[in-house]
Amino acid sequence: MTDTSDRGGPASPIPDDADVMSRDMRWFTYATGLGVRVDAEAVPEPRPDTEVAPALPEAALGDRTPLPRGTTELLERAPYPHGRVGSPRESADALGHALVAGFGLQRREPENPFNDHRPYPSVRAKFPVQVLVRDGRHRRVLDLYRHALTGVGRQDGAAGPLEVALAGRYTRLPDTYRWFRSSLIGLELGVNLRQLCLGMELFGLSGKLRLPDRNAAGLLTDFGLTPEAEWSLPLTVALEDGGPPVAAAPAERAADPVLDGILTVNRAQDFTGSAAPLGPSVPAGLPGDGALSWAEVLWRRSAGRMPRGMYGMTGRRRPVPERTLREAVSWLSVPPPGPHLAAAWEELRLTAVFQGIEGHADGVWHLRDGRPTLHRARPGAAAELETYYGYPVTPYAGGDVRHASAVWFLSAHPRRLVDRLGPGGFTAAQYAAGWAAQGISLAAAATGLYARPARAFQEVPTRQLLGLDPDEMIVCAAITGTPRFEGLLCDLRL
């Protein structure tokens, strides 16, 4: 490994001054040779941030199938981490309960400008990933505010096996995110995949994951997700063998050159082979004393709070027991399902800045073979990281990194990903990183911390602080710490 933290070292393969909105696209071009034009002067001015796609697909106008009630009560009887609610033989509504457990509304914080809270995070609480269900004849979308599955797309097929699909809409995120929407949607798909697997695991359901291949755009047509150029290729989980055939779809282009570049990345996926059985989403070796239920852990999940309608997060510095670290490391030991995502997972490197963790020096740590190893003792590293964070502390917002107990970074060498998995490996790494980030979020919730996934750190100085290689890309980070503020919580669970 080349250490560039205190000296010049080799130059990065992309410009050091590349802006955050185009940086990942430049990494993709470097890794694949598939050029994406990222000249900001050559693309239209972004629309105002208020002009985004609706929360549900426009085609969601069909009949509604109510979701079962009582999911929270069932989860309250399931101790964290090893308790499970039951098998599908015990509940005809197992999938409905699993979807509510994984994705259901949790609470409203009256002072928080980003509502309502779910058991997983999302950029600006836009939740651009849709959860879709089809059984051959019916296609439906998860409609949380109506507590139902609402008809969408075709409803005239023959009866067939049950499938759940996850698809992200790029235009649900503001135009000002530009090409960066590609990575953000990829990460959120990984987060949502872990939540789907968790909900199914809690309710005794099994399934098989299929990653996108060159025909996967046909699923967008099948679900009525238009314009198709605004949507990512879907990840699908089949609960039963077989499935309705999907017709091949022609290569897509978008009139918007930014979206067209995003499609170049997303449509480079062509993962072949059989669908892979879902593995566990919860680590097997976690100690459990029954003090918490799964309902409580999902309720606690937070990306940090601020008072009086302010944005961002803040925390308080305090010593934390080693158990908090063991919990996070355990969640980070569980790979995502299937050989392709497992390979992308193996290519991710985990580096963290620790502060005030029992038995561990303040500084930079690497996670190797499931064990933290000190890379460099560096008191004050968290405060230094705050100077590289894209959301500074202001009278209107909090960007408190200096008090964090741990800031986790997932990084990868883009060319190694592509050499191992083809051009789609770039996106597979984002799925794997999102899966990992949600594991950190759940570990934090179980140990009384908040966890804020972030892509807002300046890559070059952060890479140098962490001792990463110059051809290594930071895929995602997660800031964990002790909340400073508390306030009224309005329960929205069903």
Side-chain angles (χ1 to χ4, degrees), residues 1-9 283 285-287 304 313-334 348-389 393 398-412 433 436-437 439-454 456-470 472 474-484:
M1 184 184 70
T2 302
D3 185 351
T4 61
S5 59
D6 296 311
R7 51 192 171 84
L286 284 175
M313 88 296 181
T314 192
R316 57 185 177 88
R317 183 172 178 176
R318 71 172 178 93
V320 295
E322 188 182 18
R323 172 181 170 258
T324 62
L325 177 59
R326 292 198 307 269
E327 193 96 6
V329 169
S330 294
W331 278 91
L332 287 167
S333 70
V334 181
L348 291 176
R349 176 151 59 151
L350 279 157
T351 308
V353 169
F354 293 164
Q355 180 173 247
I357 297 178
E358 178 186 16
H360 292 75
D362 291 1
V364 180
W365 291 73
H366 290 165
L367 191 65
R368 294 194 177 105
D369 300 322
R371 187 169 60 88
T373 302
L374 181 64
H375 173 66
R376 181 187 299 115
R378 191 159 180 157
E384 186 176 350
L385 267 181
E386 185 173 299
T387 66
Y388 307 145
Y389 189 53
V393 177
D400 189 351
V401 181
R402 65 190 181 279
H403 292 147
S405 299
V407 186
W408 298 92
F409 291 88
L410 295 109
S411 59
I440 294 171
S441 291
L442 293 170
T447 53
L449 305 181
Y450 70 83
R452 192 177 193 87
F457 287 97
Q458 299 171 35
E459 187 174 59
V460 174
T462 301
R463 186 178 66 223
Q464 293 172 349
L465 172 64
L466 300 177
L468 305 182
D469 297 332
E472 194 168 357
I474 295 175
V475 184
C476 187
I479 307 163
T480 62
T482 301
R484 179 182 294 274

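Legend: residues meeting side chain to side chain contact (heavy atoms under 4.5 Å, CB included) with A456, ordered by chain and number and at least two apart, are Y389, Y391. Scanning for salt bridge (charged side-chain N to carboxylate O under 4.0 Å, His left out) contacts around R316 gives an empty result, with sequence neighbours left out. With sequence neighbours left out, S330 forms a side chain to side chain contact (heavy atoms under 4.5 Å, CB included) with P283, L286. Among residues two or more places apart in sequence or in another chain, the side chain to side chain contact (heavy atoms under 4.5 Å, CB included) test is passed with V329 by L325, L367, P372, W408. In terms of the salt bridge (charged side-chain N to carboxylate O under 4.0 Å, His left out) criterion, R318 has no residue partners (sequence neighbours excluded). For H360, there are no side-chain hydrogen bond (donor to acceptor under 3.5 Å, both in side chains) partners two or more places apart in sequence or in a different chain. With sequence neighbours excluded, the residues satisfying side-chain hydrogen bond (donor to acceptor under 3.5 Å, both in side chains) with Y388 are E384. In this view, T351 and R349, V364, H366, L466, L468 satisfy the side chain to side chain contact (heavy atoms under 4.5 Å, CB included) rule, not counting sequence neighbours. By the side-chain hydrogen bond (donor to acceptor under 3.5 Å, both in side chains) test, E459 pairs with R23, W27, sequence neighbours left out. With sequence neighbours excluded, no residue forms a side-chain hydrogen bond (donor to acceptor under 3.5 Å, both in side chains) with T324.
Atom OG1 in T373 sits 11.5 Å away from atom NE2 in H375 (nearest 0.5 Å). Taken to the nearest 0.5 Å, the CG atom of L348 stands 10.0 Å off from the SG atom of C476. Atom CD of Q458 and atom CD of Q464 lie 11.0 Å apart (nearest 0.5 Å). Taking CH2 of W365 as the start and CZ of R378 as the end, the distance is 15.5 Å to the nearest 0.5 Å.
Looking at heavy atoms from C-beta onward, E386 lies in side-chain contact with V393 at the 4.5 angstrom threshold. Between F409 and T462 the shortest side-chain heavy-atom distance falls below 4.5 Å.
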Decide side-chain contact (heavy atoms from CB on, under 4.5 Å) for R484 and H403; before the verdict, give the C-alpha distance in whole Å, the side-chain angles of both, and the deciding distance to 0.1 Å.
-> CA-CA 10 Å; R484 179 182 294 274; H403 292 147; 3.6 Å; yes
Take T480 and V407 through the test side-chain contact (heavy atoms from CB on, under 4.5 Å) and record every step on the way to the result.
-> CA-CA 6 Å; T480 62; V407 186; over 6 Å; no
Could you give me the CA-CA distance, side-chain angles and deciding distance for I474 and F457, then say whether side-chain contact (heavy atoms from CB on, under 4.5 Å) is met?
-> CA-CA 9 Å; I474 295 175; F457 287 97; 5.8 Å; no
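Tested against I479 for a side-chain contact (heavy atoms from CB on, under 4.5 Å), the candidates D400, V401, L385 yield a single pass: V401.
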For residues 443-454, run the donor-acceptor check on the side chains, cut-off 3.5 Å, and write out each pair with its distance to 0.1 Å, sequence neighbours left out.
{"residue": "T447", "atom": "OG1", "partner": "A443", "partner atom": "O", "Å": "2.9"}
{"residue": "T447", "atom": "OG1", "partner": "A444", "partner atom": "O", "Å": "3.3"}
{"residue": "R452", "atom": "NH1", "partner": "A303", "partner atom": "O", "Å": "2.7"}

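Here the closest non-hydrogen pair linking A433 and V475 is CB-CG1, 3.6 Å. Here the closest non-hydrogen pair linking A381 and L465 is O-CD2, 4.0 Å. Across all their heavy atoms, A406 and I357 have their closest contact at CB-CD1, 4.3 Å.
Although no hydrogens or angles enter the test, the distance criterion places no donor-acceptor pair under 3.5 Å between the side chain of Q355 and the main chain of S405.
Annotation: salt bridge (charged side-chain N to carboxylate O under 4.0 Å, His left out) contacts involving residues 352-366, sequence neighbours excluded, comprise R317-D362.
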